[in-house]
Amino acid sequence: MQPDRTSELVELLRQRILILDGAMGTMVQQHPLSEDDFRGNTPHCSHAHLPDTLPEQKGNNDVLVLTRPDIIASIHDAYLDAGADIIETNTFGASRIAQADYGLQDNAREISRAAAALARQCADRATEKTPDKPRFVAGALGPTNRTASISPDVSDPAARNITFDELVAAYREAMEGLIEGGVDILLIETVFDTLNAKAALFAAEAFFDGAGQRLPIMVSGTITDASGRTLSGQTPEAFWNSVRPYAPLAVGLNCALGAELMRPHIEALAHVADTFVLCYPNAGLPNPMSDTGYDETPETTARLVREFAEQGWVNILGGCCGTTPAHIRAMAEAVRNATPRTKTGTS
């Protein structure tokens, strides 16, 4: 495991608002990648070559850390250059559960380890350039493509296509790879089903107990629509109370909504959480007419999240789908002199 940098991170969070990076998937989509790129069969690819027996890999962005690490590294570097203090590993769908769609379930740990090592290299290079601005790596743990709380069959409410124990095992495997690769933080993100998140938190606790060392954990839920609830039906306040017993370093919201629509939900979370709060919204709503596919410009997103900072709601700001290094640079500039959230929760 990496040396524990929790105290360093906490001190920085008390001093200023930290900047998380932006979208990975929509940045990858800006590169005209072929099936051969994903399989490792072009001159630009690394030494990794996937077997011809595997199903189609195009769209499996996580495997690019093995076959086109140059592209993933360039995205990390762009966000670091834009001012990100924390970069996420390219592992949103790297779990055994999600990788089974591509026949790579047995490579899940390898993908996570490679992604973490790649992000670690990029972050350390950036820190060497600016030692007064240390950079951190967050190991991204996406929600998987299964849900523990909701039936996949409308005619059978009791049906499930995943068990809690299966989720725990998959999350632990991914975490082990991320930690072997050198992450500083575990980020359980885009939580639409809190039971999935609890499986990840349980897996982390079990691993830490066995390892005798801990890493800070951040948890970020997603409000899926105008109802103000997660897909499994929780309000931000209920979501916080569900994960609070695990004492995450930070709790927050990301994805699904742009900053404008996320505003009341991040406010609600900030009023109850007695820990640091993070927020990384989409660049507005999808818009096929824009260059990025989303409707908020960097200036618009930066203006909106600055209001969050001025209200004292946030400690970490970044971007999700549709955001670019330009969005992150604008955000970093907008909150450069803002005071980080210091309120304690009321829950």
Thinking salt bridges, do Arg5 and Glu8 make one under a 4.0 Å N-O criterion?
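Salt bridge: yes.
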Regarding Arg214 and Glu205, does a basic nitrogen lie under 4.0 Å from an acidic carboxylate oxygen?
yes
Nearest heavy-atom contact between Leu9 and Leu18 is CD1-CD1, 3.7 Å
Salt bridge (charged side-chain N to carboxylate O under 4.0 Å, His left out) between Asp274 and Arg244, intermediate numbers included:
CA-CA 9 Å; Asp274 58 7; Arg244 186 186 187 194; 2.6 Å; yes
Is the Lys NZ or Arg CZ of Arg341 less than 6.0 Å from the centre of Phe276's six-membered ring, within 45° of the axis?
no
With a 3.5 Å distance limit and no angle check, can you tell me whether Asn315 reaches the backbone of Val277 through a side-chain donor-acceptor pair?
yes
Distance-only, no hydrogens or angles: does the Asp62 side chain make a donor-acceptor pair with backbone N or O of Ile111 under 3.5 Å?
no
Pair Ile185-Leu249, side-chain contact (heavy atoms from CB on, under 4.5 Å): steps then yes or no
CA-CA 9 Å; Ile185 306 159; Leu249 175 70; 5.6 Å; no
Measuring from atom OH of Tyr171 to atom CG of Leu201, what distance do you get when rounded to the nearest 0.5 angstrom?
9.5 Å
What distance separates Thr324 OG1 from Asp21 CG, expressed to the nearest 0.5 Å?
12.0 Å
Determine whether more than 12 heavy atoms belonging to other residues, nucleotides or ligands lie under 6.0 Å from atom CG of Asp209.
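Yes - once you tally the heavy atoms of other residues, nucleotides and ligands closer than 6.0 Å, there are more than 12.
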Give me the ring orientation class for Trp313 and Phe308: parallel if the planes are under 30° apart, tilted from 30 to 60°, perpendicular past 60°.
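Aromatic pair Trp313/Phe308 classed tilted.
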Under 4.5 Å between any side-chain heavy atoms of Leu257 and His265, yes or no?
yes
